[in-house]
Amino acid sequence: MPELPEVETMRRGIAAAAGAVIEKITRPPTPLQAIIMEPPLGSFRRHVVGRRIERVGRLGKRVLLELDSGDRIVMEPRMTGLVLLAAPPDRKHLRLIIELTGPIEQILFWDQRGLGVVRLVSPTQFDECYGPAKIGPDALEVSVDELRERLRHSTRPIKVALLDQKALAGVGNLYASEILHRAGIHPARSCRRLRKDQWQRIHAEMLRVLHDAIQHQGSTLRDGTYRIARDVPGDYQFNHRVYQRHGQVCLACGKAQIVRIVQAQRSTFYCPACQRK
DNA sequence: CATATGTCCTGAGAGC
DNA sequence: TGCTCTCAGGACATAT
């Protein structure tokens with residue numbers, strides 16, 4: 001499940017596409033469900049073939065190809081999607097090929113489950129669908145004061161609030177648990193009951209965890225889908241302290257066992273000793 | 001208005 | 001062995 005570090009790794013992986021011109025877009029025949037494309041492929045092609053990619057950006061958990069027309073291609077990996085230069089994990093789940101002339105030859109969109117989305121949006125559509133009203137500040141850019149102001153009046157548990165992309169862009173289920181463990185905050189704690197120093201710890205650990213995870217090129221989980229290329233997984237999973245470690249002894253205190261609970265239909269992992277309610 | 005729930009999808013693993 | 005069932009969760013639509 002690509003979150004900010006995995007998507008940033010994908011963005012860096014294809015960053016050399018800046019300057020390239022789109023020659024062709026194809027969707028390989030597959031017995032599986034096609035990913036969602038908007039507009040549909042024919043119209044998509046007419047708008048982008050011949051256009052130059054000026055910049056490869058990122059918006060939270062999405063990769064952006066900014067075109068010389070002002071339009072943007074928004075690539076959302078969601079659960080199992082990958083944006084790659086080459087060497088996808090297999091051919092079966094290859095969903096889209098963007099062929100280029102320029103520094104690199106192609107960009108691939110691979111997605112095992114097919115929940116991913118690729119959209120072409122005009123500047124107006126971008127503001128409507130992905131502007132500040134829809135997507136909060138990037139987790140790597142937000143200040144501690146803004147983070148606190150955006151969430152301090154919420155009645156939601158802090159773990160659930162950190163996943164809200166309108167409030168904060170980039171943190172997902174895995175890193176939310178890791179951040180709160182390192183900050184020593186119980187995941188069920190209501191946002192409005194957090195003190196200022198606790199917000200400071202959350203903010204500091206968020207930056208540390210996300211930057212470290214980027215250094216390690218993200219986390220490849222048990223399902224093994226996320227990777228940088230066919231046989232190259234990320235390795236931040238070896239630094240996880242709580243995620244999917246329930247039943248094991250906490251690496252910080254060495255005493256309590258990591259617990260798994262469900263919040264908002266999602267697994268949360270924490271140490272009951274290090275993260276008191 | 002804020003928060004909660006249902007939905008999409010595929011493959012892995014459990015249980016019979 | 002092979003079937004059926006459940007689960008994983010990001011983002012969005014719909015419901016409370």
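Order of the sequence lines sets the chain letters (A, B, ...), proteins ahead of strands, with each chain counted from 1.
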Hey, can you pull the donor-acceptor pairs under 3.5 Å for the side chains in residues 248-257 of chain A, sequence neighbours left out?
unit_1: A:Gln248; atom_1: OE1; unit_2: A:Arg245; atom_2: NH2; d: 3.3

Taken in chain and number order and not counting sequence neighbours, the residues that satisfy ring-ring contact (aromatic ring centres under 6.0 Å, His included) with A:His47 are none
Of the listed B:dT3, B:dT10, B:dC9, the closest approach to the A:Leu115 side chain comes from B:dC9
Given side chains that start at C-beta, do those of [X] and [Y] come closer than 4.5 Å, heavy atoms only?
X	Y	value
A:Tyr130	A:Val121	yes
A:Pro77	A:Met10	yes
A:Arg189	A:Gln198	yes
A:Leu41	A:Thr26	no
A:Thr268	A:Val259	no

query = Hey, does the side chain of A:Gln112 come within less than 4.0 Å of B:dG11's phosphate (OP1/OP2), counting only N and O?
reply = no
Per the under-4.0 Å heavy-atom filter, residues of residues 161-170 of chain A near DNA chain B come out as none
Sorted by number, residues from residues 131-151 of chain A placing a heavy atom under 4.0 Å from DNA chain B are none
In whole Å, what is the span from the [atom1] atom of [X] to the [atom2] atom of [N]?
X	N	atom1	atom2	result
A:Ile36	B:dC9	CD1	C1'	10 Å
A:Arg222	B:dG13	CZ	C1'	11 Å
A:Leu221	B:dG13	CG	P	14 Å
A:Glu38	B:dC8	CD	P	17 Å

Does A:Tyr175 reach a base, just sugar-phosphate, or nothing at all? Heavy atoms under 4.0 Å.
nothing
Bounded by its outermost nucleotides with an atom under 4.0 Å from a heavy atom of chain A, the footprint on DNA chain C reads C:dA8 to C:dC12
A:Ser219 meets the side chain to side chain donor-acceptor pair (under 3.5 Å) criterion, sequence neighbours left out, with A:Tyr175, A:His240
Under a 4.0 Å heavy-atom cutoff, the residues of residues 257-271 of chain A touching DNA chain C are A:Arg260, A:Arg266, A:Ser267
Numerically ordered, the residues 78-93 of chain A set in heavy-atom contact under 4.0 Å with DNA chain C is A:Arg78, A:Met79
Between A:Leu4 and A:Ala169, the two heavy atoms sitting closest are CD1-O, 4.0 Å
Correct closest heavy-atom pair for A:Pro187 and A:Gln275 would be CD-NE2, 4.0 Å
Residue pairs meeting salt bridge (charged side-chain N to carboxylate O under 4.0 Å, His left out), one or both in residues 216-229 of chain A, sequence neighbours left out, come to A:Arg113-A:Asp223
So that I know where these two stand, are A:His181 and A:Tyr270 an aromatic pair - ring centroids less than 6.0 Å apart? no
Margin query: Assess the residue pair A:Ile202 and A:Leu180 against the criterion (side-chain contact (heavy atoms from CB on, under 4.5 Å)); give the C-alpha distance rounded to whole Å, side-chain angles, the decisive distance to 0.1 Å, and a yes or no.
Written below: CA-CA 7 Å; A:Ile202 291 168; A:Leu180 290 175; 4.2 Å; yes
Any luck finding a side-chain donor-acceptor pair between A:Thr101 and A:Glu23 under 3.5 Å? yes
Here the ring pair (Phe, Tyr, Trp, His ring centres under 6.0 Å) pairs for residues 93-114 of chain A, sequence neighbours left out, are A:His93-A:Trp110
Before giving the answer on side-chain contact (heavy atoms from CB on, under 4.5 Å), spell out for A:Ile214 and A:Leu140 the whole-Å C-alpha distance, their side-chain angles and the decisive distance to 0.1 Å. CA-CA 11 Å; A:Ile214 291 169; A:Leu140 292 183; 3.9 Å; yes
Applied to residues 32-46 of chain A, the side chain to side chain donor-acceptor pair (under 3.5 Å) test, sequence neighbours excluded, yields A:Glu38-A:Arg119
Of A:Asp223 and A:Thr155, the one whose nearest nucleotide on DNA chain B sits closer to the 5' end is A:Thr155
Check this for me, if you would: do A:Glu66 and A:Arg55 make a salt bridge, where the nitrogen-to-carboxylate-oxygen distance has to be below 4.0 angstrom? yes
Per-helix bend value, the helix from B:dA2-C:dT16 to B:dC16-C:dG2, C1' rotation axes over five pairs per end, 10° rounding, shows 50°
